[in-house]
*Asks:* 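I have a structure I would like to understand better, so I am pasting it below and will then ask my questions one at a time.
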Amino acid sequence: MILENIEKFTDFVPTAAGSDIRELQPFITEAEQWFQDEWFGADLYNYISGLPDDNNLKTYATISICLRAYEQAIPFLDVIQTANGFAVVSNSNQAPASKERVERLIVYVVRRLSEALDRVVLLVMSAPESLTEWKKSDIFLLRSSIVFLRTSELRNHSSNTVATYHDLDACRPLVSKHQITLSKYISESYLSELLNKFAENVLTNFDKSVFTTIQMIIGLMLQQKEYYPFVESLLNRLASHPDECLTYIASDAYRIKTGAKYENKKDDKTYFFG
C-alpha cells in the first residue's frame with residue numbers, strides 16, 4: 001500500500017483531524033485500488049509504493065489517495081465541525097455539520113484532489129523511471145489518448161474554470177470526437193504523432209506551440225464556439241515550417257490544402273462533411 005500507516009491520514013488531510021480513522025479504513029482501501037485501476041496502473045502503483053516516504057511523488061500520491069478516501073467517506077459517515085476543520089465519525093453525539101458546510105467541504109476536497117492528481121501526473125511525466133512504469137498499463141493509453149492529460153489543462157482551455165478530475169474523465173468521449181474532426185484538417189497521422197510525443201514528454205518547442213494551439217481549438221469546440229479561424233492560422237503556421245512537421249507535410253491533408261483542385265468525395269478518407 002502507498003499509505004502504509006493509516007494513523008498518518010490527518011497529516012495529509014489536516015481538515016480531517018479528529019476523525020475516527022477506523023471508520024475511514026474501507027474507504028482508504030478502495031482509494032488505493034482506485035488510484036491503481038483508474039489512473040496509474042499496477043506497475044506504477046507498486047513503483048510508488050516502494051519509494052521512500054519523503055519522496056515528492058509518493059507524497060502527492062498519498063495525498064491523492066487520502067483525499068479520494070475522504071471524498072468517498074463524507075456522504076456515508078457523520079461529519080461534525082471541529083476547531084481545526086471537520087471530522088468524519090460514526091454514531092456521534094455531537095450535532096452534525098450543516099448541509100451547506102458539508103457541500104463546501106466536498107467541493108474543497110475534490111478541488112484539492114484534482115490538484116494533487118495533476119501534480120502526480122507532472123512528477124511521473126518528468127522522470128523516465130516512473131513514466132516507463134506508467135506506460136506499461138492500459139490506463140496510460142486511455143488517458144494519453146486525448147489532448148488534456150491534467151485537469152488544469154482542461155480548465156485553461158475551456159469555459160469550465162472550476163473543472164475537476166470528474167470533469168476531465170467525463171469529457172473524454174467528446175474530446176475524442178472533436179479530435180477526429182480536427183484530424184481532418186491536420187491529418188490523423190500528425191495528430192497521433194503529437195499525442196505520442198506529448199505522452200512521452202518529448203515535444204519540441206515547435207511541437208509545444210502547435211499542441212497548445214490544438215488544446216485551445218479543442219477547448220473552443222467544447223464550448224461550441226467558432227474555431228475554424230484558429231485552424232486556418234495553425235495550418236498556415238505548419239505550412240511555413242515544413243521541416244518542423246514532416247508528418248503533416250507528407251499527409252493527404254496537406255496535399256488537399258495546397259492542391260490546386262480537389263473534389264470532396266465521400267469515399268475519400270479525408271472527406272469533409274458539409
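In this chain, numbering begins with 1 at the start of the sequence shown. Values below: all heavy atoms of this structure, side chains included; hydrogens, waters and symmetry mates excluded.
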*Asks:* Tell me, with the steps shown, if Arg150 and Glu153 meet salt bridge (charged side-chain N to carboxylate O under 4.0 Å, His left out).
*Replies:* CA-CA 5 Å; Arg150 294 176 287 125; Glu153 294 167 341; 3.1 Å; yes
*Asks:* Taking all atoms of both residues into account, what is the closest heavy-atom pair of Ala116 and Ile63, and its distance?
*Replies:* CB-CG2, 3.9 Å
*Asks:* Step through the shown structure and confirm whether more than 12 heavy atoms of other residues, nucleotides or ligands are within 6.0 Å of CG on Asp138.
*Replies:* no
*Asks:* Could you go through Glu188 and Ser192, starting from their C-alpha distance and side-chain angles, then the distance that decides it, and tell me whether this counts as side-chain contact (heavy atoms from CB on, under 4.5 Å)?
*Replies:* CA-CA 6 Å; Glu188 181 180 349; Ser192 295; 4.2 Å; yes
*Asks:* With rounding to the nearest 0.5 Å, note down the distance linking CG in Leu191 to OG in Ser251.
*Replies:*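 Separation between the atoms: 11.5 Å.
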*Asks:* Establish whether Val107 and Leu113 are linked, either directly or via other cluster members, by ILVMFWY side-chain heavy-atom contacts under 4.5 Å.
*Replies:*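 No.
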*Asks:* Contact between Leu154 and Leu222 at the side-chain level, heavy atoms closer than 4.5 Å - yes or no?
*Replies:* yes
*Asks:* Name the residue from Phe35, Tyr45, Phe140 that meets the ring-ring contact (aromatic ring centres under 6.0 Å, His included) definition with Phe40.
*Replies:* Phe35
*Asks:* For Asp43 and Glu133, indicate whether the former's side chain and the latter's backbone hold a donor-acceptor pair under 3.5 Å.
*Replies:* no
*Asks:* More than 12 heavy atoms of other residues, nucleotides or ligands under 6.0 Å from CD of Glu244: is that the case?
*Replies:* yes
*Asks:* Given side-chain contact (heavy atoms from CB on, under 4.5 Å), test Phe211 with Gln215 step by step and report yes or no.
*Replies:* CA-CA 6 Å; Phe211 199 80; Gln215 289 176 319; 3.6 Å; yes
*Asks:* With no hydrogens and no angle check, is any side-chain donor or acceptor of Ser233 less than 3.5 Å from a backbone partner on Phe230?
*Replies:*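 Absent.
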*Asks:* Quick check: closest heavy atoms across Leu195 and Ser145, and the distance to 0.1 Å?
*Replies:*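 Shortest heavy-atom contact: CD1-O, 3.7 Å.
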*Asks:* Regarding Arg172 and Asp167, does a basic nitrogen lie under 4.0 Å from an acidic carboxylate oxygen?
*Replies:*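 A salt bridge is absent here (no side-chain N lies under 4.0 Å from a carboxylate O).
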*Asks:* Quick check on Gln224: does its CD atom have over 12 non-hydrogen neighbours (other residues, nucleotides or ligands) under 6.0 Å away?
*Replies:* no
*Asks:* May I ask whether Leu246 and Leu234 are part of the same hydrophobic cluster, defined by side-chain heavy atoms of I, L, V, M, F, W, Y residues being less than 4.5 angstrom apart, directly or through others?
*Replies:*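 Different clusters.
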*Asks:* Consider only side-chain heavy atoms of I, L, V, M, F, W and Y, link residues closer than 4.5 Å, and tell whether Met1 and Ile65 are in one cluster.
*Replies:*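 Yes, same cluster.
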*Asks:* Taking Lys58 for the side chain and Asp53 for the main chain, is one N or O donor matched with an acceptor at less than 3.5 Å?
*Replies:* no
*Asks:* Return yes if some donor-acceptor pair links the side-chain N/O of Trp134 with the main-chain N/O of Trp39 below 3.5 Å, else return no.
*Replies:* yes
*Asks:* Side-chain heavy atoms under 4.5 angstrom apart, residues restricted to Ile, Leu, Val, Met, Phe, Trp, Tyr: same cluster for Leu122 and Ile2?
*Replies:*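 Result: no, two separate clusters.
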*Asks:* How far apart are the closest heavy atoms of Pro128 and Ser126, and which atoms are they?
*Replies:*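 Shortest heavy-atom contact: CD-O, 4.0 Å.
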*Asks:* Grab the two heavy atoms, one from Glu71 and one from Val110, that are nearest each other, plus how far apart they are.
*Replies:*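 Shortest heavy-atom separation between Glu71 and Val110 comes out as OE2-CG2, 3.5 Å.
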*Asks:* Is there a donor-acceptor pair under 3.5 Å between the side chain of Thr10 and the backbone N or O of Val13?
*Replies:*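 Not a single qualifying donor-acceptor pair exists.
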*Asks:* By side chain to side chain donor-acceptor pair (under 3.5 Å), which residues pair with Lys225, not counting sequence neighbours?
*Replies:* Gln223
*Asks:* So does Glu115 pair up with Arg112, basic N to acidic O under 4.0 Å?
*Replies:*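 Not counted as a salt bridge, because no side-chain N and carboxylate O are separated by less than 4.0 Å.
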*Asks:* May I ask you to test the Gln25-Thr29 pair for a side-chain heavy-atom distance under 4.5 Å?
*Replies:* yes
*Asks:* Just do the side-chain contact (heavy atoms from CB on, under 4.5 Å) check on Tyr70 and Leu105 with the steps written out, would you?
*Replies:* CA-CA 10 Å; Tyr70 198 35; Leu105 174 62; 3.9 Å; yes
*Asks:* Nearest 0.5 Å, please: how far is CG in Leu194 from CD in Gln179?
*Replies:* 10.5 Å
*Asks:* Are Tyr190 and Cys245 close enough that some pair of their side-chain heavy atoms sits under 4.5 Å apart?
*Replies:* yes
*Asks:* Flag the pair Lys257 and Glu232 as a salt bridge only when some basic side-chain nitrogen lies within less than 4.0 angstrom of an acidic carboxylate oxygen.
*Replies:* yes
*Asks:* Verify, without hydrogens or angle tests, whether Arg155 (side chain) and Ala163 (backbone) share a donor-acceptor contact under 3.5 angstrom.
*Replies:*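 A pair under 3.5 Å: yes.
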*Asks:* So, taking the atom named CG in Asp37 and the one named CD1 in Ile139, what distance separates them when rounded to the nearest 0.5 Å?
*Replies:* 8.5 Å
*Asks:* Can you name the closest pair of heavy atoms from Val124 and Leu57 and give their distance?
*Replies:*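 Taking every non-hydrogen atom into account, CG2-CD1, 3.8 Å.
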*Asks:* Are Phe206 and Leu203 connected, step by step, through hydrophobic side chains (Ile, Leu, Val, Met, Phe, Trp, Tyr) whose heavy atoms are closer than 4.5 Å?
*Replies:* yes
*Asks:* Verify whether one side chain among Ser209 and Arg237 offers a donor that lies under 3.5 Å from an acceptor in the other.
*Replies:* yes
*Asks:* Does Phe148 form a side-chain contact (heavy atoms from CB on, under 4.5 Å) with Val175? I'd like the steps, not just the answer.
*Replies:* CA-CA 9 Å; Phe148 303 125; Val175 171; 4.1 Å; yes
*Asks:* For Asn201 and Met125, indicate whether the former's side chain and the latter's backbone hold a donor-acceptor pair under 3.5 Å.
*Replies:*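 Yes.
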*Asks:* Supply the atom-to-atom distance Ile48 CD1 to Ser130 OG, rounded to the nearest 0.5 angstrom.
*Replies:* 7.5 Å
*Asks:* Can you name the residues that form a side chain to side chain donor-acceptor pair (under 3.5 Å) with Gln36, not counting sequence neighbours?
*Replies:* none
*Asks:* Drop me the distance from Ser64's OG to Leu3's CG, to the nearest 0.5 angstrom.
*Replies:* 12.0 Å
*Asks:* Check the orientation of Tyr228 and Tyr185. Use parallel for under 30°, tilted for 30 to 60°, and perpendicular for over 60°.
*Replies:* tilted
*Asks:* Side chains of Lys8 and Phe12: closer than 4.5 Å at any heavy-atom pair?
*Replies:*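 They are in contact (side-chain heavy atoms under 4.5 Å apart), so the answer is yes.
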*Asks:* Taking atom CZ of Arg143 and atom OG of Ser137, what is their separation to the nearest 0.5 Å?
*Replies:*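 Reported to 0.5 Å precision, the distance equals 10.0 Å.
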*Asks:* Go through the steps to decide whether Glu200 and Lys197 satisfy the test salt bridge (charged side-chain N to carboxylate O under 4.0 Å, His left out), and finish with yes or no.
*Replies:* CA-CA 5 Å; Glu200 296 279 352; Lys197 285 185 173 183; over 6 Å; no
*Asks:* Assess, by modelled atom type and distance only, whether the side chains of Tyr165 and Arg68 contain a donor and an acceptor separated by less than 3.5 Å.
*Replies:*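 Yes.
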*Asks:* May I ask you to test the Asp11-Thr62 pair for a side-chain heavy-atom distance under 4.5 Å?
*Replies:* no
*Asks:* Is Arg255 paired with Asp252 through a side-chain N to carboxylate O contact shorter than 4.0 Å?
*Replies:*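 Looking at Arg255 together with Asp252, the answer is yes, because their closest N to O distance falls below 4.0 Å.
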*Asks:* Leu182 versus Tyr227: any side-chain heavy-atom pair under 4.5 Å?
*Replies:*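 The answer is no, as the side chains (C-beta and beyond) never meet within the 4.5 Å cut-off.
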